Amino acid sequence: MTSHATEADLEELLRQAIDSTGGAARWTTDTDDMWCRLTPRSATPRAQGWKLHVSATAASAPKVLTRALDVLLRDASAFKFARSLEQVGALNTRATPRGSSGKFITVYPRSDTDAARLALALHTATAGLDGPRILSDQPYAVNSLVHYRYGAFVGRRRLSEEGLLVWYIEDPDGNPVEDVRTGQYAPPAWAVSPFPATLPAPRPAEEAAKDPVLLGGRFAVKEAIRYTNKGGVYRGTDVTTGAPVVIKEARPHVETDASGRDVRDWLRAEARALEELGGTGLAPEPLAVFEHAGHLFLAQEEIPGVPLRTWVAEHFRDVGAERYRADALTQVGRLIDLVAAAHAHGCVLRDFTPGNIMVRPDGELRLIDLELAVLKGDTPLPTTVGTPGYSAPERLADAPVSPTADYYSLGATACLVLMGKVPHLLPEEPATRPADQRLAAWLAAAGAGHPLPDGLPDMILGLMRDDPADRWDPAAARAVLRAADRTSPPRPAATPPPDVMAATVEGIVNHLVDTMAPKDAPRLWPVSTKAGETDPCTVQQGAAGVLAVLTRYFRLTGDPRLPEVISTAGHWIADRTDTRSARPGLHFGGRGTAWALYEAARAVDDRALRDHAMALALAPQQPTPSHDITHGRAGSGLAAAHLWHRTGDPRFADLVTEAADRLAAEARPAPNGVSWPVPAESAVATEAGKRYLGFAHGTSGIGYFLLEAAAVTDRRDYLDLALAAGEELVAAVVRVGGAAQWPTQAGDVPTAPYWCHGAAGIGTFLVRLWRATGDERFGELARAAGRAVAERAPRAPLGQCHGLAGNGDFLLDLATATGDPAHHATAEDLARLITAERAHRGSHVVFPTEYGDVSTGWSDGSAGILAFLLRTRHKDSRLWTIQQPG
């Protein structure tokens, strides 16, 4: 079997092996896109235990599978294997999560005795073949492909205290314990290993970190900068000179290609590039290449400073928009010179990105991470590895090496420096709008409030043209930059036709209507799970968030498709929510879901659905240490306040009082007011004692609820507590120019001005507090928060939690409260920015999340975006708030 075996070839190996053992009647086979699973017909499933993993590369997988099948098909333990070489390769990339990398074959032994016996047999059968170390497991022996760990055999999940679905196992007393899957072997203390101690048990990371490690007999490791599947990057000292160094590690058999080359060859290529650029000042000086414990290492000079991506975010934060503008133009000139100089030395970079450029304290730039660089005359390593958004399209298709790909990367990097972001332009179906046309539309939308000097949008577009032959070179870019009038007045940006916004809204609704899957699906609508997966019924990431927005859309437009959609979604949620008890919180809890169900029931006049919503809202709350809006008492109380306004039911007023009283009891004096520290009993020990300021998790959201509690109950003490929360925010503000910013916690550096932790969420509370008290300090701070939101607009993702939709909703609150149409105009600028980043999929319109995938969810996807866009077109209240100030 050659290394070029196809998916069918691997399954053919299985069929041949089953036929040769006469085992067809003994096994059931099931396949999906990733795995081929085999289960003995006589098997008694186990829920958990010691399981085995066998690693392989794409080149060795056929032989590993053949030898493993000879062992496994003669046994009676269930197992699975990655069903194609493409999937084997995906398990072994440098970007694969460390907790799942390398696991080609997984075996679920019937007993601990079987686990030990099978491990020895598989180790013997696969000896001498290639495969990476599986980082989450313990190797059976030195250089063995066989590894083991204690974990779940079947997929059992539960909600964590943070409201995320996690895999779990049970301890000997039957208590659930999260089955943590990380890049470190860490079995439960009560799980006794049945395997021989052929290797010493790994030391806990916190203990190992206390002892200095000397690599290559010369380089003392001080700390890890980062860990990835390809290996770590470490900061250390050259003990022979005392100079600071960076040490890069390459693990064997990661990103192995058909010829057997892997990331160690990439590291050698980087070393050659550094040697070629030695003495030029363009890159770190190389110091040594050496092996240690079978891994390859490259030690190089440490460049002081920060990566360019970090500089863009932090410099803007620290100096403000006006100062940043001038510094950014200077930095773009340095970028142009950097690419030109590298090319002059015969080096094509192939991965020129903001993460691979260091900004020294004096502002000068240096190239780092040159593992994909190709020197003149060298044969490049074939690869489609790159950085989406920054790598030229042809580079990601492994086109021949050309400097024109670096021109594209230069344009994208200049765009990040000048605008704070490169838009994520998802593929369209059909692809009728060229990428450079879509980028031009985004630059025009961004220029509405953040104009660039004449010529610079054309420079970015020229460098990033779709056709490599048409791209500008560094000399053309430098000429335009020199001619740019840095003091020219803003010029008006092109405004998209008014029908674009209407078509975008229609496309979002089409997407939400058509992607609803009420039958046999774990989730009603598709969402992103890259930041974790929540309960499928909740507001944050589940069906309740989408339902609430579609209900709003139906009320505003009367779309005849929606009554059936709303009814189906409402009853899907009702069938999956327990009215005997509910998790607390608005976005992750039962009362937020009840809020959405109640509004849906009113819209379609469904008495049964309304009764379920009431029962869910009145259900006893599960115990929680959380005080906040998203997970805790403030969120539960806010939903109760809304339902009291809707129904007049005194039971909801009682729930408001109960939540407010508990929050009053838990309030703690802060240096200038009051706050609610994360309790010591929090599920995440490192969170205990933190005093968050933001709306989602801290003082602002709690203060917002207390204002509503004061309105419901006419209790002055709740208003006084909200005022004390406001005083804490007044004291914590950081002024940069005319903008108001806040840190996540008092005393830290300011965070991005989003709903979750930053100015948009804090401003939401301050607007309400200003209108409730008449204290102009709060109103002035809210307006200054609006300026922070406006200044950062092109830099932001698109969603409600961390992005333009949530920021725009705050600006609309501000417009309503102040009567100033300028805030509404700025909100419309944000809407145009969102629209410019849309992608068409037939009649659907979708948007990228901050992780680059697609979601329908409230917090990060289409539902939250639609809610904001509707408010720019229809004067209406903001979802998940009681009323607009005014």
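Note that this is a predicted model, so its numbers are computed, not measured.
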**Q** When you check the gap from the basic side-chain N to the acidic O, do Lys230 and Asp262 get nearer than 4.0 Å?
**A** no
**Q** Looking at Thr310, Val312, Leu416, which hits side-chain contact (heavy atoms from CB on, under 4.5 Å) with Pro354?
**A** Leu416
**Q** Any salt bridge between Glu837 and Arg438, counting N to O under 4.0 Å?
**A** no
**Q** Out of Arg98, Lys103, His147, which one pairs with Ser136 under the side-chain hydrogen bond (donor to acceptor under 3.5 Å, both in side chains) rule?
**A** Lys103
**Q** Would you call Arg268 and Asp265 a salt bridge, using N to O less than 4.0 angstrom?
**A** yes
**Q** Using a strict 4.0 Å threshold on nitrogen-to-oxygen distance, state whether Glu322 and Arg325 make a salt bridge.
**A** no
**Q** Can you name the closest pair of heavy atoms from Gly363 and Gln331 and give their distance?
**A** O-OE1, 3.1 Å
**Q** Please report the shortest heavy-atom distance between Val422 and Ala412, naming the atom on each side.
**A** CG2-O, 3.1 Å
**Q** What's the separation between atom CD in Glu394 and atom OG1 in Thr404, rounded to the nearest 0.5 Å?
**A** 5.5 Å
**Q** As a quick check of understanding, evaluate side-chain hydrogen bond (donor to acceptor under 3.5 Å, both in side chains) for Gln184 and Tyr227, giving each step before the final call.
**A** CA-CA 11 Å; Gln184 182 179 358; Tyr227 290 110; over 6 Å; no
**Q** Does a side-chain heavy-atom distance below 4.5 Å link Leu833 with Trp442?
**A** yes
**Q** Examine Trp311 together with Phe316 and report whether their ring centres are nearer than 6.0 Å.
**A** no
**Q** Could Asp467 and Arg465 be called an ion pair, given the rule that one side-chain N must be under 4.0 Å from one carboxylate O?
**A** no
**Q** Evaluate the side-chain proximity of Leu145 to Asp130: yes if any heavy-atom separation is below 4.5 Å, no if none is.
**A** no
**Q** Leu164 and Gly532: which non-hydrogen atoms are nearest, and at how many Å?
**A** CD2-C, 4.1 Å
**Q** Please walk me through it: do Thr256 and Asn92 pass side-chain hydrogen bond (donor to acceptor under 3.5 Å, both in side chains)?
**A** CA-CA 8 Å; Thr256 303; Asn92 294 337; over 6 Å; no
**Q** Which atom names give the shortest non-hydrogen contact between Gln87 and Ala82, and what distance separates them?
**A** CB-CB, 4.1 Å
**Q** Which donor-acceptor pairs under 3.5 Å do the side chains of residues 287-309 make with protein atoms, sequence neighbours left out?
**A**
unit_1, atom_1, unit_2, atom_2, d
His295, ND1, Glu249, OE2, 2.7
Glu301, OE1, Glu285, N, 2.9
Glu302, OE2, Arg235, NE, 2.9

**Q** CG of Asp473 to CG of Leu463: how many Å apart, nearest 0.5 Å?
**A** 8.5 Å
**Q** Mind checking the CD1-CZ spacing from Ile357 to Arg334? Nearest 0.5 Å is all I need.
**A** 12.5 Å
**Q** Does the side chain of Asp454 come within less than 4.5 Å of Leu456's, by heavy atoms?
**A** no
**Q** Give me the atom names and distance for the closest heavy-atom approach of Gly411 to Ile460.
**A** O-CG2, 3.9 Å
**Q** Just checking, any donor-acceptor pair under 3.5 angstrom between side chains of Asp257 and Ser259?
**A** yes
**Q** Output the distance between atom OG1 (Thr751) and atom NE2 (His802), rounded to the nearest 0.5 Å.
**A** 8.0 Å
**Q** To the nearest 0.5 angstrom, please state how far the CG atom of Leu338 sits from the CZ atom of Phe352.
**A** 5.0 Å
**Q** Mind listing the closest non-hydrogen atom pair of Thr96 and Ala90 along with its distance?
**A** OG1-O, 2.7 Å
**Q** Pick from Arg350, Glu371, Arg94: which one makes a side-chain contact (heavy atoms from CB on, under 4.5 Å) with Val385?
**A** Arg94
**Q** So with a 6.0 Å cut-off around CG of Asp318, is the heavy-atom count from everything else above 12?
**A** yes
**Q** Arg264 versus His253: any side-chain heavy-atom pair under 4.5 Å?
**A** yes
**Q** Would you say the side chain of Asn356 lies within less than 4.5 Å of the side chain of Leu367, judging by non-hydrogen atoms?
**A** no
**Q** Can you confirm whether the side chains of Thr849 and Asp860 place a donor and an acceptor under 3.5 Å from each other?
**A** no
**Q** Does the ring of Tyr408 carry Arg471 above it, NZ/CZ under 6.0 angstrom from centre and within 45° of its axis?
**A** no
**Q** What's the verdict on side-chain hydrogen bond (donor to acceptor under 3.5 Å, both in side chains) for Thr240 and Asp238, showing C-alpha distance, side-chain angles and the deciding distance?
**A** CA-CA 5 Å; Thr240 65; Asp238 184 342; 2.6 Å; yes
